[in-house]
Amino acid sequence: MKQSSIKKFVLDYLESNEIKFSIDKNNIHTVYFKEVLANKLGIERKFTFNREISDDHGVDYLSIHSDLTKFLLRDSLDKGQIVKAVLDFPVKIKDKLNLPETIKIKKQEEKKEIAICFMFKVSSTNTHENQPEFLKFVIVDYENGTVFPEEISSEFHNFDFKEARFKFNPNNVVKSHSVAYETLEKYLNNKYEESGIVNKALLNKQIEEMESRHDEFKRECKMEVSKQEDRCKYWRERIKASRTIPKEREYRNSLKASEEKLEQFKKENESKTNLNFLNTESRIKDIKNQYDFDINVYLSGSIVFEYNVKKLILQETQSGEEVSLTYNVLSNSIQEYVCPTCEKTPNSFNISINGYFCCPSCSTYQEKDKGFLCKRDNVEKCIITGNFIKKEVNNQCLTCKKYFDKSLFKKDVLGKRTCPLCLIKTYFGDIINKKDAIFSKKHNAYFKPDEVTKCIFSNEYYLLNEVSKTTGSRKTVANKYIEKCKFTGLTFVKNEMSDEGTSKLVTGLKEIDTKNIKYSHLKEVIKKNRVEFNENSFWALARVKGLLKSKYFLYDKKKKEILSK
């Protein structure tokens with residue numbers, strides 16, 4: 001958007017106050033102030049509305065933020081060009097806030113707020129615009145400079161005002177005008193962006209059509225030349241084929257006439273093509289001017305007005321809970337409200353099914369209960385849907401113990417109610433909960449508890465067919481860690497064997513008196529008074545040395561029998 005509104009305001013101010021000024025060829029304005037203004041601003045001031053000219057010539061650049069603009073605006077306010085009014089806006093708070101029957105207004109007070117409505121007149125030179133001129137209202141809060149919503153500004157012309165007297169600081173009006181102008185600029189940029197796109201599309205289409213017609217004209221001209229060139233070629237061929245001198249002379253005369261006509265066609269077509277090109281370029285330029293447009297804005301008036309803000313204390317009759325809030329009559333919005341449930345400061349509130357004040361961020365509507373639930377209603381927020389769920393057993397995941405919407409639960413392969421966050425897939429594709437699933441490092445996957453067992457040697461989980469129980473020590477071990485004793489034939493865990501393939505049951509044999517062996521079946525087969533003996537929890541081993549070789553007696557403690565000898 002251009003600076004036309006600032007320029008219009010300044011020049012209108014100078015004209016209405018009969019202040020002399022001149023404009024040179026560089027568009028530099030020289031203003032000659034008198035009396036009070038001369039004392040404040042100087043007798044002569046030079047400025048321009050163009051930033052480049054300002055930089056090149058070292059004069060003031062007049063924008064909405066420049067000191068001179070602010071001074072002129074403040075001076076126009078002091079001269080009564082801004083209307084003061086009070087908004088006559090009777091309202092029934094309970095109806096306006098749409099309070100439920102369980103809420104009563106325990107106390108209410110009124111305070112006055114000030115807002116400023118700037119009325120901008122907007123005109124567009126866009127020939128394809130349905131609304132080339134209109135009024136745009138922008139309402140700005142006097143204190144903090146915030147802009148009221150579009151729906152409030154668009155209804156401003158329907159408001160009723162009364163004459164009022166109150167004081168306000170013109171500086172705030174100047175600041176508010178800057179905010180209003182920036183808001184208007186964004187609005188107009190959005191509004192005319194689509195028009196610019198449509199205009200560009202229409203313009204491109206017309207340019208393409210005109211360029212296409214010009215290309216067609218050039219082709220027609222070339223065809224005329226081409227026909228005449230064919231005529232010349234025809235006479236050259238007749239000359240070559242002629243058999244008599246008179247005929248050749250006749251053909252040469254015809255060729256000469258055709259060549260002269262060809263040169264004439266070339267010159268005429270070149271001239272016609274150039275003329276057609278210039279006409280096309282001229283028409284394109286005219287069309288571009290039709291589709292280019294300016295947006296002119298100037299401030300047609302301003303209203304500084306007072307309106308009521310209600311300070312309320314609300315009480316919920318079911319729970320007895322009280323809250324205080326401020327209701328803005330103009331914007332129909334709640335302000336200065338602290339949600340007692342989550343302590344946030346929203347602009348609306350809800351009442352839970354148990355009578356607690358809550359807000360949209362800490363409550364959710366339950367269709368089943370026809371009401372809102374908040375954290376204080378013995379509920380917990382579902383971390384997936386964001387809904388508040390009653391703390392009931394059927395709403396709880398048996399794995400993580402958190403609460404979820406019932407529709408999210410699934411039964412895993414073990415039949416347990418599980419939330420989506422606790423479900424994983426096993427190695428074989430079954431769905432199981434994280435708590436009961438067992439991870440196997442060997443397979444880098446999860447399994448059901450009855451599909452794997454733990455190897456006591458490596459402390460890792462293996463499939464059932466990948467482990468065995470040793471016969472010598474009754475330990476569940478992965479098959480790769482099991483070795484067989486060459487003397488006893490029993491299997492043992494790797495760390496229960498010596499390097500020579502002998503179990504510790506054998507290498508640990510010590511000589512004792514046979515009578516000290518407590519297993520009668522074993523003592524009966526030993527014929528010597530002393531014997532080498534060793535045992536573990538499951539087996540007893542005795543070795544009797546002979547002249548040539550030793551005999552081994554292996555006794556099964558559980559079955560009470562000698563396995564071999």
Side-chain angles (χ1 to χ4, degrees), residues 413-414 426-428 430 432-565:
V413 70
L414 303 178
T426 69
Y427 182 79
F428 297 107
D430 298 313
I432 193 170
N433 68 81
K434 290 180 180 179
K435 186 177 180 181
D436 293 327
I438 295 176
F439 181 76
S440 169
K441 189 175 181 181
K442 178 182 183 299
H443 296 282
N444 191 31
Y446 289 93
F447 293 87
K448 292 189 293 183
D450 59 359
E451 292 174 338
V452 292
T453 189
K454 194 173 187 180
C455 168
I456 65 166
F457 180 77
S458 64
N459 283 327
E460 298 293 341
Y461 284 93
Y462 292 83
L463 288 169
L464 298 180
N465 62 1
E466 296 174 334
V467 297
S468 300
K469 189 172 281 190
T470 60
T471 57
S473 54
R474 305 287 201 275
K475 292 180 179 178
T476 303
V477 187
N479 294 333
K480 63 180 180 178
Y481 299 124
I482 296 176
E483 295 181 3
K484 189 174 184 179
C485 176
K486 63 184 180 181
F487 289 104
T488 64
L490 299 174
T491 56
F492 292 89
V493 185
K494 192 175 182 180
N495 60 357
E496 297 173 334
M497 298 286 289
S498 66
D499 295 337
E500 293 79 21
T502 307
S503 67
K504 291 182 179 180
L505 192 62
V506 176
T507 58
L509 290 168
K510 291 183 180 179
E511 191 175 13
I512 63 170
D513 291 334
T514 304
K515 63 180 180 181
N516 292 333
I517 296 175
K518 56 185 178 181
Y519 310 111
S520 58
H521 288 79
L522 185 57
K523 283 195 289 186
E524 289 175 1
V525 298
I526 298 172
K527 305 301 183 183
K528 291 189 177 184
N529 294 329
R530 291 189 67 78
V531 67
E532 289 183 330
F533 180 82
N534 192 19
E535 65 178 327
N536 63 17
S537 300
F538 308 99
W539 300 93
L541 179 64
R543 181 170 63 182
V544 181
K545 290 183 178 181
L547 292 175
L548 297 177
K549 65 176 184 178
S550 299
K551 284 186 177 182
Y552 289 88
F553 299 93
L554 190 60
Y555 178 72
D556 188 333
K557 292 181 179 182
K558 185 177 181 181
K559 295 182 179 180
K560 296 182 180 180
E561 61 183 19
I562 296 174
L563 182 64
S564 62
K565 59 179 181 178

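Basis for what follows: all heavy atoms, side chains included, without hydrogens, waters or symmetry-related copies.
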Item to complete: Compare all side-chain heavy atoms of Cys485 with those of Val506 and state whether any distance is below 4.5 angstrom.
Response: yes

| query | Taking Lys551 for the side chain and Ile526 for the main chain, is one N or O donor matched with an acceptor at less than 3.5 Å? | reply | no

Polar side-chain atom of Lys486 near backbone of Glu500 as donor-acceptor pair, under 3.5 Å = yes

Interatomic distance, CG@Leu505 vs CD@Glu535, rounded to 0.5 Å, equals 9.0 Å

Thr470 side chain vs Arg474 backbone, donor-acceptor pair below 3.5 Å
yes

Item to check | Side-chain touch Trp539/Leu563, heavy atoms, less than 4.5 angstrom | outcome: yes

With a 4.5 Å heavy-atom cut-off, do Leu522 and Phe533 have their side chains touching? yes

Distance col, row Thr453:OG1 vs Asn465:CG, nearest 0.5 angstrom, shows 12.0 Å

If only atom types and distance count, is the side chain of Asn433 paired as donor or acceptor with the main-chain N or O of Asp436 below 3.5 Å? yes

Q) Does any non-hydrogen side-chain atom of Leu463 lie less than 4.5 Å from one of His443? A) yes

In this structure, NZ of Lys475 is separated from SG of Cys455 (nearest 0.5 Å) by 11.0 Å

Would you say Asn536 and Phe492 make side-chain contact, with heavy atoms under 4.5 Å?
-> yes

Point to revise | From CA spacing to verdict: side chain to side chain contact (heavy atoms under 4.5 Å, CB included), Arg543, Tyr552 | key: CA-CA 5 Å; Arg543 181 170 63 182; Tyr552 289 88; 3.0 Å; yes

Does any part of the side chain of Pro449, heavy atoms only, come nearer than 4.5 Å to the side chain of Ile432, both counted from C-beta? yes

Using a cut-off of 6.0 Å, state whether more than 12 heavy atoms not belonging to Tyr446 lie near its atom OH. no

Given side chain to side chain contact (heavy atoms under 4.5 Å, CB included), test Glu451 with Leu464 step by step and report yes or no. CA-CA 6 Å; Glu451 292 174 338; Leu464 298 180; 6.0 Å; no

**Q.** Heavy-atom donor-acceptor pair, Thr514 side chain to Lys528 backbone, under 3.5 Å
**A.** yes

Could you go step by step and tell me if Ser458 and Tyr481 meet the side chain to side chain contact (heavy atoms under 4.5 Å, CB included) rule? CA-CA 9 Å; Ser458 64; Tyr481 299 124; 3.9 Å; yes

Discussion item. I'd like to check Lys510 versus Asn534 (side-chain heavy atoms, cut-off strictly below 4.5 Å). Are they in contact?
Written reply: no

Please walk me through it: do Phe447 and Tyr461 pass ring-ring contact (aromatic ring centres under 6.0 Å, His included)?
CA-CA 9 Å; Phe447 293 87; Tyr461 284 93; 9.3 Å; no

Practice item. Answer yes when Lys545 and Glu532 have at least one side-chain N-carboxylate O distance shorter than 4.0 Å, and no when they do not. Key: yes

Smallest heavy-atom separation, Phe439 atom then Asn444 atom, equals CZ-OD1, 3.3 Å

message = Measuring only between side-chain heavy atoms, which start at C-beta, is Thr491 closer than 4.5 Å to Val477?
response = no

### Query
Between the side chain of Lys523 and the main-chain N/O of Ile517, is any donor-acceptor distance below 3.5 Å?
yes

Item to complete: Please step through side chain to side chain contact (heavy atoms under 4.5 Å, CB included) for the pair Ser468 and Ile482, ending with a clear verdict.
Response: CA-CA 8 Å; Ser468 300; Ile482 296 176; 3.8 Å; yes

Donor-acceptor under 3.5 Å (Lys560 side chain, Tyr519 main chain): no

Interatomic distance, CD@Glu460 vs NZ@Lys441, rounded to 0.5 Å, equals 5.5 Å

Output for pair (Met497 CE, Thr502 OG1), nearest 0.5 Å, gives 6.5 Å

Rounding to 0.5 Å, atoms CD1 (Ile456) and OG (Ser473) come to a distance of 6.5 Å

